[in-house]
Colleague: 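Dropping the structure in here first, questions after.
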Amino acid sequence: MFKKNLVDKNVVILPPPNPKYTMRDWEHNNKAKARISEDQQKLANRVISESERVIDETRSVTDQWKKEADFRLKERIIDVQFQRDEIVKQKKDACLEEEALKTYRQRVINAIENLSEEAMILCQKCIILRENRVGVDLVHDYVDEELQKELQVIKGSQMLLNKVLEETNEQIRRLRAMMYLLDRDLSNKEKTLHIDEQNLLLKEKQLDMHVYEGNAPLDPFNTTINQWIQVTNRNIAATAKELNSAKPLRSYIDILLRQVVEDLETQVSKTNEAFKKRIGETRYAKIRLENLHRESSNQVNEVTRNITRLEKELADKEGYLALAQMRLANRAQRPGVEMCRDAVQNTLVRELSALKETCIKLSRMLEECKTALRYLLNTQMQQEEELNTKTNTLKVDEVDCMTVRQSLVFHKF
């Protein structure tokens, strides 16, 4: 109610008056302000002097650390370049060795293919062709033995070559694995060189310089310097070990291929000599058979002529026999006492007996000659069959097999 009345009457409320100071207060205030100003000026001068000292000191320290960092960067770049050059050199040696191993592997493959597609097939073809011999010539002779030896030499060579091919493939695989590690290490070294070279080119007054405000740490590391060196050295040492393993392998392949060719050529030469010897024996046997066949033919002709003579003689003797018989028959018709055994009768009887004995001898001899002729003809037929057998054997060995074996030539793989 009271407040309402005051509002109605427009009463004005004035603030209290400002306090009054004495001259002493005024002088004291002025001195205090002056002393404070002088103290602040002294403090400011001291701060400025300290700032200049700190600026000079930090500038020197900053320059020293900048020089130290640049020196360490250059030193690091040289170390990385050295490691990179060592990796590049080792990788180059590994690449050259890999190419050399590939060449040697192809030589081994060519040798295996030559043995499988030529030597093996030709040898087996000769064995099959010799099965075409007939009769007694189908014999297991020393040519068959040499062909079997040749087949075993080829199979043995294939086994050795297949084994060394597997070793070569494994060596190439290991080399490639080491080259992969070298490539990865080399890529890392190149990236490191690029980063450090770029860092060396950076200047503190570049326009794109700014203070890092991220959350990731600026000094992470995965390995120590010794571990870093060991990784590269381990890769280089492992690659060198594989290179040292590859070179003896190539030497072994050289020796093996040379030995395989020498063994095959030696065995092929022995087999060819066996063929030549066997062909000579067969040809000699054929010539002997031809001579015997010629003699048998002459003998057949001679026996045939002899049979003809015997038949003629036997026919002639039959005339004499008929004459003697006719005379005796005529004298048997003598009358009475005239039928006496006189000298004529005795002679005719003895003649008839002698003629009969002669005919028997001639007939027996004729049968013997005919039997001998049959034997001769049978022998001649057997000789002709044997000659055909020998001719067939010569064709198989000399024409078929030796023609095939002319293609059995081994070159230095």
Side-chain angles (χ1 to χ4, degrees), residues 21 23-95 177-241 243:
Y21 295 96
M23 285 300 295
R24 185 178 178 182
D25 292 333
W26 179 80
E27 291 176 355
H28 179 73
N29 180 67
N30 287 337
K31 290 179 180 180
K33 295 292 185 181
R35 186 171 60 252
I36 290 172
S37 295
E38 290 175 357
D39 291 339
Q40 291 298 326
Q41 288 176 3
K42 290 179 181 179
L43 178 61
N45 289 331
R46 188 169 64 251
V47 169
I48 290 171
S49 299
E50 183 66 20
S51 297
E52 290 177 353
R53 186 190 65 79
V54 170
I55 288 172
D56 293 338
E57 181 181 347
T58 54
R59 182 177 296 167
S60 176
V61 171
T62 301
D63 290 339
Q64 288 180 357
W65 278 113
K66 174 66 167 52
K67 291 179 181 179
E68 178 70 15
D70 289 345
F71 174 78
R72 294 302 178 185
L73 275 173
K74 292 178 182 178
E75 188 178 50
R76 181 61 175 170
I77 289 172
I78 293 174
D79 291 341
V80 175
Q81 286 176 341
F82 176 78
Q83 293 281 19
R84 181 199 61 184
D85 294 341
E86 289 296 315
I87 294 173
V88 170
K89 179 181 178 182
Q90 196 73 334
K91 182 185 174 184
K92 181 179 178 181
D93 292 341
C95 289
M178 296 313 306
M179 289 170 62
Y180 169 78
L181 295 178
L182 290 177
D183 283 335
R184 186 175 64 181
D185 198 1
L186 182 62
S187 175
N188 293 338
K189 295 291 186 294
E190 293 289 353
K191 291 178 180 178
T192 300
L193 276 176
H194 178 72
I195 292 171
D196 283 348
E197 287 172 350
Q198 290 297 320
N199 282 337
L200 191 61
L201 294 175
L202 291 176
K203 302 299 180 183
E204 66 277 4
K205 294 181 180 180
Q206 289 182 199
L207 296 177
D208 56 349
M209 287 291 102
H210 57 85
V211 177
Y212 176 70
E213 296 179 354
N215 296 322
L218 290 175
D219 60 343
F221 65 90
N222 295 323
T223 58
T224 64
I225 187 66
N226 290 331
Q227 291 173 334
W228 175 80
I229 294 174
Q230 288 175 1
V231 168
T232 301
N233 289 344
R234 184 168 58 248
N235 290 337
I236 292 175
T239 306
K241 181 180 178 181
L243 291 175

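Being a predicted model, the structure only gives us computed values, none of them experimental.
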Colleague: CD/Gln83 to CD1/Ile78 distance, rounded to the nearest 0.5 angstrom?
Modeller: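 So the CD of Gln83 and the CD1 of Ile78 are separated by 13.0 Å.
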Colleague: Roughly how far apart are Leu186 CG and Arg184 CZ, rounded to 0.5 Å?
Modeller: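 Going from the CG atom of Leu186 to the CZ atom of Arg184 covers 12.5 Å.
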Colleague: Give, for atom CD of Glu52 and atom CD1 of Ile55, the distance between the pair rounded to the nearest 0.5 Å.
Modeller: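 Spacing of CD (Glu52) from CD1 (Ile55) equals 7.0 Å.
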Colleague: Count the heavy atoms belonging to other residues, nucleotides or ligands that lie under 6.0 Å from CZ of Arg59, then report whether that count exceeds 12.
Modeller: no
Colleague: Checking the side chain of Ser51 only, and the main-chain atoms of Val47 only, is there a donor and an acceptor separated by less than 3.5 Å?
Modeller: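 Yes; at least one donor-acceptor contact below 3.5 Å.
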Colleague: Provide the closest heavy-atom pair for Cys95 versus Met179 in the form atom of the first, atom of the second, distance.
Modeller: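 Cys95 and Met179 have their closest heavy atoms at SG-CE, 3.3 Å.
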Colleague: Below 4.5 Å, heavy atoms only, C-beta onward: do Arg53 and Ser49 meet side chain to side chain?
Modeller: no
Colleague: Check this for me: does any side-chain nitrogen of one of Asp93 and Lys89 sit under 4.0 Å from a carboxylate oxygen of the other?
Modeller: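 Lys89 and Asp93: not salt-bridged.
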Colleague: Closer than 4.0 angstrom, basic N to acidic O: yes or no for Lys189 and Asp185?
Modeller: yes
Colleague: What do the steps show when you test His28 against Lys33 for side-chain contact (heavy atoms from CB on, under 4.5 Å), and what is the final call?
Modeller: CA-CA 9 Å; His28 179 73; Lys33 295 292 185 181; over 6 Å; no
Colleague: Between Asp39 and Leu43, is there a side-chain heavy-atom distance shorter than 4.5 Å?
Modeller: no
Colleague: Could you grab the distance from atom CE of Met178 to atom CG of Asp183, nearest 0.5 Å is fine?
Modeller: 11.0 Å
Colleague: If you look at every heavy atom in Leu193 and Arg84, which pair is closest and at what distance?
Modeller: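 That would be CD1-NH1, 3.3 Å.
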Colleague: Check Thr239 against Ala94 and note the closest heavy-atom contact, atom names and distance.
Modeller: CG2-CB, 4.0 Å
Colleague: Salt-bridge test for Lys42 and Glu38: reply yes if a basic N is under 4.0 Å from a carboxylate O, no otherwise.
Modeller: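 Looking at Lys42 and Glu38, the cut-off is not met.
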Colleague: When rounded to the nearest 0.5 angstrom, what is the spacing between CG in Asp63 and OG1 in Thr58?
Modeller: 9.5 Å
Colleague: Got a sec: does the NZ of Lys66 have more than 12 other heavy atoms crowding it under 6.0 Å?
Modeller: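 Above 12, so yes.
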Colleague: Please say whether the positively charged group of Arg76, taken as NZ for Lys or CZ for Arg, lies over the ring of Trp228, i.e. under 6.0 angstrom from the six-membered ring centre and within 45 degrees of the axis.
Modeller: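 The answer is yes; both the distance and angle limits are met.
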Colleague: Distance check, rounded to the nearest 0.5 Å: Ile87 atom CD1 versus Glu190 atom CD?
Modeller: 9.0 Å
Colleague: Is the closest basic N to carboxylate O distance between Glu27 and Arg24 below 4.0 Å?
Modeller: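 Judged by the 4.0 Å cut-off on N to carboxylate O distance, Glu27 and Arg24 do not form a salt bridge.
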